[in-house]
Novice: 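Dropping the structure in here first, questions after.
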Number of protein chains: 2
Amino acid sequence: MKHSIPDTEKPFIDAYRARATAYPRPSVTVDLVILTVQDTDLKLLLVRRKQPPFADWWALPGGFVRVGDGFEDQGESLLDAAHRELAEETGLPRDKVFLEQLYTFGDADRDPRMRVISVAWYALVRPDLAPFVTAGSDAAEVRWVSLSHERPEALAFDHDRIVDTAVERIRGKVDYAPIAFDLVPPTFTVAELRAVYEAINGQRYDASNFRRRFKRMIDDGLVARAPGKRHTARRPAAVYSFVR
Amino acid sequence: MKHSIPDTEKPFIDAYRARATAYPRPSVTVDLVILTVQDTDLKLLLVRRKQPPFADWWALPGGFVRVGDGFEDQGESLLDAAHRELAEETGLPRDKVFLEQLYTFGDADRDPRMRVISVAWYALVRPDLAPFVTAGSDAAEVRWVSLSHERPEALAFDHDRIVDTAVERIRGKVDYAPIAFDLVPPTFTVAELRAVYEAINGQRYDASNFRRRFKRMIDDGLVARAPGKRHTARRPAAVYSFVR
DNA sequence: CCAAAAGTGTTAACAGTACACCCATGG
DNA sequence: CCATGGGTGTACTGTTAACACTTTTGG
């Protein structure tokens, strides 16, 4: 949304800039809640901090939004900043990962250094891509932790609260938005999709009833039969793919 | 969430501050989508801008977040900033108005002056309080515009998009969260509550079926019968109040 | 008395839940 | 051949939607 400035307004704007830059401004970061589902539970990507504050603590990946010089060059959008951080931390390309804004955390003193406002995002990574994440990262110590049973120790800053907000959000959303499909491989079985629902909501679903629900998704054109079968320990299962 | 800084970390933090302040930072504002329901349609509060850019355009109420000096004094939280702006623009006290964070808009060039990131909030004002709003404001030109039929002309900045986002949000939320009760007087009739649903979703509801839905709210303890009746042109209706 | 809103009742369609049961396969 | 997950069917319950109907009031 680029607006041009009429010549008549230019003097006002210069005056404004001079006044505004005299006032302190907050730093703005993007923080990422990166989630996947593996072995029937929900997992979160954490990075180990190297610098104070909270040196050696586990924290959400994130970083400062690039603002340019703030005037002629206004830098990157928040979405671009989130995608850039995601790529830097996971090595995964933009189009392979679901990314959506979560909430903005801006209490005073949430960072002891200075006023920092954090725009939090959550990302959903397919389980077939998740194993490559740790390798792709630039030497920083990263780790997937399970959120289902072994909830991790306290995180840096207010990151615990951010994680809680993200989990609440996807729980509320999984039943009416097609986000579960971002947490299964490109082709998947009914049981695999059910496992995602179970991991997110922390409860078991009746296999038979879930199957009927799945049939409605087929009727609605949301998913379609894919060629082949999944050969596991027991009876092979039909595989499906997400449409669009 | 106040974290104390260990003495051993202080030198790092000072170094960090010196480095960080050298980089440009964005300005951060809060913008408010203030809504009410009157005469069976959804209304939005707009203010007329006096200063460039967009002088004389209609825009959402809002203003800069107070950051203090950014270090020892980190200023006000985003929620406090939103409540402060709400009080300044409407004169309504904190506890009379529902206020919730909406989304953060941070594209580059959304403000021609400089990089501005806007944390948008939406507020729901009871119709019995809405008439006092224009009076309470500090001489700025303000106006309620209908969103249901006569959608207003283009707004300043990306405020049209912010309004759209707010309307989408409350439409999605009205069916599972008790936000409709923030858009009726303290005591209300079934028809009045139905009018709120109709204004928000832009569709008519069968009076009889809505009544049954309302009965479930009573069973769930969400609403309770209030003393008296509403005397209008026709047959008087029972009045109810929201519980908790 | 009559228009119009308040309020009651009936029915069909459909989604959620619990559970019984058959099917196909690898070990 | 058998344990196990894949897959089918059924009965019960509660919710939604459409609509016919009665009641109560002001003008």
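Letters A, B, ... mirror the listed sequences (proteins, then strands); counts begin at 1. In this text the structure is predicted, and so the values were computed from the model without any measurement. FYI, side chains are in, hydrogens and waters are out, and symmetry mates aren't considered; it's all heavy atoms of this structure.
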Novice: How far does CG of B:Leu86 sit from CZ of B:Phe98, to the nearest 0.5 angstrom?
Specialist: 12.0 Å
Novice: Taking only residues two or more places apart in sequence or in another chain, which ones pass side chain to side chain contact (heavy atoms under 4.5 Å, CB included) with B:Ser77?
Specialist: A:Asp107, B:Leu79, B:Asp80
Novice: For A:His159 and A:Leu60, indicate whether the former's side chain and the latter's backbone hold a donor-acceptor pair under 3.5 Å.
Specialist: yes
Novice: Out of B:Leu45, B:Leu46, B:Val163, which residue meets the side chain to side chain contact (heavy atoms under 4.5 Å, CB included) rule with B:Val145?
Specialist: B:Leu46
Novice: Give the residues of residues 188-202 of chain A touching DNA chain C, defined as any heavy atom closer than 4.0 Å, sorted by residue number.
Specialist: none
Novice: So for atom OH, which belongs to B:Tyr205, do other residues, nucleotides or ligands contribute more than 12 heavy atoms lying within a distance under 6.0 Å?
Specialist: yes
Novice: So, using ring pair (Phe, Tyr, Trp, His ring centres under 6.0 Å) as the criterion, who are the partners of A:Trp144 when residues are at least two apart?
Specialist: none
Novice: Give me the first and last nucleotide of DNA chain C, going 5' to 3', that has any atom under 4.0 Å from a heavy atom of chain B.
Specialist: C:dA3 to C:dT10
Novice: I'd like a table of donor-acceptor pairs (distance under 3.5 Å, sequence neighbours excluded) in which one partner is a side-chain atom from residues 171-186 of chain A, with atom names and distances.
Specialist:
unit_1: A:Arg171; atom_1: NE; unit_2: A:Ile200; atom_2: O; d: 2.7
unit_1: A:Lys173; atom_1: NZ; unit_2: A:Glu100; atom_2: OE1; d: 2.6
unit_1: A:Lys173; atom_1: NZ; unit_2: A:Glu100; atom_2: OE2; d: 3.1
unit_1: A:Asp175; atom_1: OD1; unit_2: A:Arg213; atom_2: NH2; d: 2.7

Novice: At a heavy-atom distance below 4.0 Å, what parts of residues 229-238 of chain B sit against DNA chain D?
Specialist: B:Ala233, B:Arg234, B:Arg235, B:Pro236
Novice: Donor-acceptor pairs under 3.5 Å, side chain of residues 237-244 of chain A to any protein atom, not counting sequence neighbours: which ones?
Specialist:
none

Novice: Sub-3.5 Å donor-acceptor pair from the side chain of A:Gln101 to the main-chain atoms of A:Val119, do we have one?
Specialist: no
Novice: Excluding sequence neighbours, so at least two apart, what forms side chain to side chain contact (heavy atoms under 4.5 Å, CB included) with B:Trp57?
Specialist: B:Phe54, B:Ala154, B:Ala156
Novice: Pick one: which of A:Val167, A:Leu44, A:Val33, A:Thr165 meets side chain to side chain contact (heavy atoms under 4.5 Å, CB included) with A:Tyr122?
Specialist: A:Val33
Novice: Please give me every residue in residues 205-226 of chain B whose heavy atoms get under 4.0 Å of an atom in DNA chain D, ordered by residue number.
Specialist: B:Asp206, B:Ser208, B:Asn209, B:Arg212, B:Arg216
Novice: Has A:Asp160 got a side-chain atom pairing as donor or acceptor with A:Leu155's backbone, closer than 3.5 angstrom?
Specialist: yes
Novice: Describe, as an angle rounded to 10 degrees, how the axis at the first end of the helix from C:dC1-D:dG27 to C:dG27-D:dC1 is tilted relative to the axis at the last end, five pairs per end.
Specialist: 0°
Novice: When rounded to the nearest 0.5 angstrom, what distance separates CZ in A:Arg169 from CG in A:Leu102?
Specialist: 5.0 Å
Novice: When rounded to the nearest 0.5 angstrom, what distance separates NZ in A:Lys96 from CZ in A:Phe132?
Specialist: 11.5 Å
Novice: How many angstroms lie between atom OG1 of B:Thr90 and atom CG of B:Leu32, to the nearest 0.5 angstrom?
Specialist: 8.5 Å
Novice: Which residues, if any, of residues 170-179 of chain A bring a heavy atom under 4.0 Å of DNA chain D?
Specialist: none
Novice: By the side-chain hydrogen bond (donor to acceptor under 3.5 Å, both in side chains) test, which pairs, at least two apart or in different chains, include something from residues 220-239 of chain B?
Specialist: B:Glu192-B:Arg230
Novice: Closer than 3.5 angstrom, by distance alone: can the side chain of A:Thr36 be matched with the main-chain N or O of A:Val125 as a donor-acceptor pair?
Specialist: yes
